[in-house]
Amino acid sequence: MCSGVHMRKKTLLEFMRKPKFYEELGCIDVTTDSCLLKAFLINEPKLIFGDGIQRNLPIELRYVRRPYTYNEEIEAEYIVYYDKRDLRIRNLLKRFENGLIFWREKLHLDKYTLKVNLLSSDDPVNDALNEIKHPGREGIIIGAVISNKDDFLKLKAMGFVNKVKTHLLKRDKMISLSKNSKEFAMYLLNNIVQLYAKANGIPWMLADVPLNPLPPTDIAIGFALTKVEDKEDQKDRIPYYIASTFAVNIAGKEIKTIALFTDVFTLDYEKYQTYGLYIPGRIVREIVSKVINIAKHYMSIKEPGRLFIYKTTVNTPEEIDVLNNMCGLRWRLVHMGLSGFRKRIYDLSSAEGCAPRGLAIYDTGIKELVLLTTGTIKYKTQKDVIAKSYGIGTPIPLRINLDMQISDPKQYENELLFTAYQVLSLEKLDWESCTNWPKETIIIKYARRLGELVKYMVSNVRRASTLGPIKGDIRYLM
């Protein structure tokens, strides 16, 4: 049985009335351990929609009904290939098209012209692939009804390389959700938001706040490792991996992303035995140098401020030494554990016992912060009714470990809390869904997806060394 962490009702309610970056809730009770834990509640930025309307959650778009750029002229054509023998899907696609028209009107997208072109085919995946092989067609989004993950990787990888936006529909998911009218309506809402974003619209952005989670001169990078298939299958073979990274810079209201690949590299066996998966120092130096160079040339950043590096692998002394030796670099190395926290967290002030999103628990002994990215949160419905719960199932916290140049304990604690603030903020900028957020930040989520695409490209298209750095946009990976 997992032990529990309990929160005090009075402190939490007091916090709700104070619009600060974070509020310290004090020490908390731990049912089994005698350790010092400090609890905080992060006050994350709101989102801004059309007409300057501010709300907490992406799902509130269905009530606000005005995306951030709803008043801008946007034109796009969505070409969808489907199996001409599949009568069930043909009928569902007609319902899908009508649903997009419904939500386009509901969201006041009068200046958004989306032409849906449904094309029957003997081989929809291959026909879509042939369309994607012709790059550079602005305003064209290629789609297909697919039945397996290999088709997804094939079409997404080719679209990313050729800079063609793709929007793929999973056959089983469409059929399953179509049986429930409310679920299918939310499915359609997510699709219209994605298609709007892929047509270069902006569904929502972070509202202006006194403390910008990522100022224009700061850069956040996500690292992901993807295993290369070992066809020789030797027992003592050191694993080979591809490193992929995804950099995000927020300058005003604009998001810019860069995707970088490294060639296949080997891990030192002894270090692998010690740390598990890790990123070699030379790879860290190579990627960081490329990101800074691209930021200077393409993002109008003369000199970068702070560099936040997010990854799911452990931080190693080799990585820290490399960053320390890069002159003038103000870095923050963030390890994000997506699992491994063995306690259950309860809010005794809640009838359901569910703790709030943004709750951060700091273990002063091991200097680790545990952050809830799901849980309860206040948001408004169309009738201004306050709803409390958000997220599905038991909250599984993120574990955040931070390495940096600062050694002062209080300043370190503040930087760790700011990292949690940044994590929550970057989660909210994922336009792939307005009904559920990813557990991790978009730069980790899409770095991991990019890693899958690179793995496919290396195995089926070309060697990683021939890909080189590709300057991409988040929309090609959605």
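Please read all numbers here as calculations on a predicted model, not as lab measurements.
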Q) For Y412, is the NZ or CZ atom of K367 found under 6.0 angstrom from the centre of its six-membered ring and inside 45 degrees of the ring axis? A) yes
Q: Would you tell me whether T69 and Y196 have side-chain atoms, one donor and one acceptor, within less than 3.5 Å of each other?
A: yes
Q. Measuring from Q54:CD to L206:CG, what's the distance to the nearest 0.5 Å?
A. 10.5 Å
Q) Are any non-hydrogen side-chain atoms of L453 and L153 less than 4.5 angstrom apart? A) yes
**Q.** Main-chain N/O of L329 paired with Q405 side-chain donor or acceptor, under 3.5 Å
**A.** yes
Q. Which distance, rounded to the nearest 0.5 Å, do you find between the CD of E368 and the CG of L398?
A. 10.5 Å
(Q) Any heavy-atom pair between the side chains of F49 and Y70 that's under 4.5 Å? (A) no
Q: For D403 and N315, work out which heavy atoms get closest and say how close.
A: OD2-ND2, 2.9 Å
Q) To the nearest 0.5 Å, what is the distance between CZ (F308) and CD1 (I443)? A) 10.0 Å
Q. Does any non-hydrogen side-chain atom of K165 lie less than 4.5 Å from one of N200?
A. yes
Q: Would you mind telling me which of R330, R306, R332 makes a salt bridge (charged side-chain N to carboxylate O under 4.0 Å, His left out) with D218?
A: R306
Q. Any side-chain heavy-atom pair from T373 and R357 closer than 4.5 angstrom?
A. yes
Q) Is there a donor-acceptor pair closer than 3.5 Å between any side-chain N or O of N293 and the backbone N or O of S289? A) no
Q: Rounded to the nearest 0.5 Å, what's the gap from CG on L369 to CZ on F40? Could you check?
A: 8.0 Å
**Q.** Residue pair K111 / I74, side-chain heavy-atom distance below 4.5 Å
**A.** no
Q: For the pair F418 and Y421, name the ring-plane relationship: parallel under 30°, tilted 30 to 60°, perpendicular over 60°.
A: tilted
Q: For D430 and E432, indicate whether the former's side chain and the latter's backbone hold a donor-acceptor pair under 3.5 Å.
A: yes
Q: Specify the closest pair of heavy atoms between L372 and L424, including all atoms of both residues, with the distance to one decimal.
A: O-CD2, 4.2 Å
(Q) Check whether R475 reaches the backbone of A197 with its side chain - one donor and one acceptor, N or O, closer than 3.5 Å. (A) yes
Q: Please assess H167 against L169 for the test side chain to side chain contact (heavy atoms under 4.5 Å, CB included), listing each intermediate value before the final yes or no.
A: CA-CA 7 Å; H167 188 75; L169 304 174; 4.1 Å; yes
Q.
Quick check: closest heavy atoms across L61 and P67, and the distance to 0.1 Å?
A. CD1-N, 3.8 Å
Q | Closest contact, heavy atoms only, V314 versus E319 | A | O-OE1, 3.6 Å
Q. L177 and M186: side chain to side chain contact (heavy atoms under 4.5 Å, CB included), yes or no, with the steps?
A. CA-CA 9 Å; L177 294 178; M186 291 300 96; over 6 Å; no
Q | P58 side chain reached by L47 side chain, heavy atoms, under 4.5 Å | A | yes
Q: Could you go through the side chain to side chain contact (heavy atoms under 4.5 Å, CB included) check for L450 and F160 one step at a time?
A: CA-CA 9 Å; L450 182 59; F160 187 77; 3.8 Å; yes
Q: Kindly determine whether T313 and F223 satisfy side chain to side chain contact (heavy atoms under 4.5 Å, CB included), including the steps that lead there.
A: CA-CA 9 Å; T313 57; F223 280 6; over 6 Å; no
Q. Any donor and acceptor pair, going by atom type alone, linking the side chain of W431 with main-chain N or O of W204 inside 3.5 Å?
A. yes
Q: Give a yes or no answer on whether the side chain of W103 reaches the backbone of A185 with a donor-acceptor pair at less than 3.5 Å.
A: yes
Q. Between the main-chain N or O of V370 and the side-chain N or O of R399, is there a donor-acceptor pair closer than 3.5 Å?
A. no
Q.
Within the structure provided, determine whether K173 and Y187 are in side-chain contact (heavy-atom separation under 4.5 Å).
A. yes
Q | Minimum-distance pair of heavy atoms, taken over all atoms of I219 and P304 | A | CD1-CB, 4.1 Å
Q. Under 4.5 Å between any side-chain heavy atoms of Y310 and T419, yes or no?
A. yes
Q) Charged N to carboxylate O below 4.0 Å: is that the case for E452 and K156? A) no
Q) At their closest point, which heavy atom of T166 faces which heavy atom of G159, and how far apart are they? A) CG2-CA, 4.4 Å
Q. With distance as the sole test, does R66 use its side chain to make a donor-acceptor pair with the main-chain N or O of D51 at under 3.5 Å?
A. no
Q) Can you tell me how far CD1 of I279 sits from OG1 of T316, rounded to the nearest 0.5 angstrom? A) 8.5 Å
Q | Euclidean distance, K46 NZ relative to I48 CD1, rounded to 0.5 Å | A | 11.5 Å
Q.
Whether the side chain of E60 engages the backbone of N56 through a donor-acceptor N/O pair (distance < 3.5 Å, no angle test) should be reported.
A. yes
Q: Mark yes or no for whether K198, through its side chain, and M478, through its backbone, hold a donor-acceptor pair below 3.5 Å.
A: yes
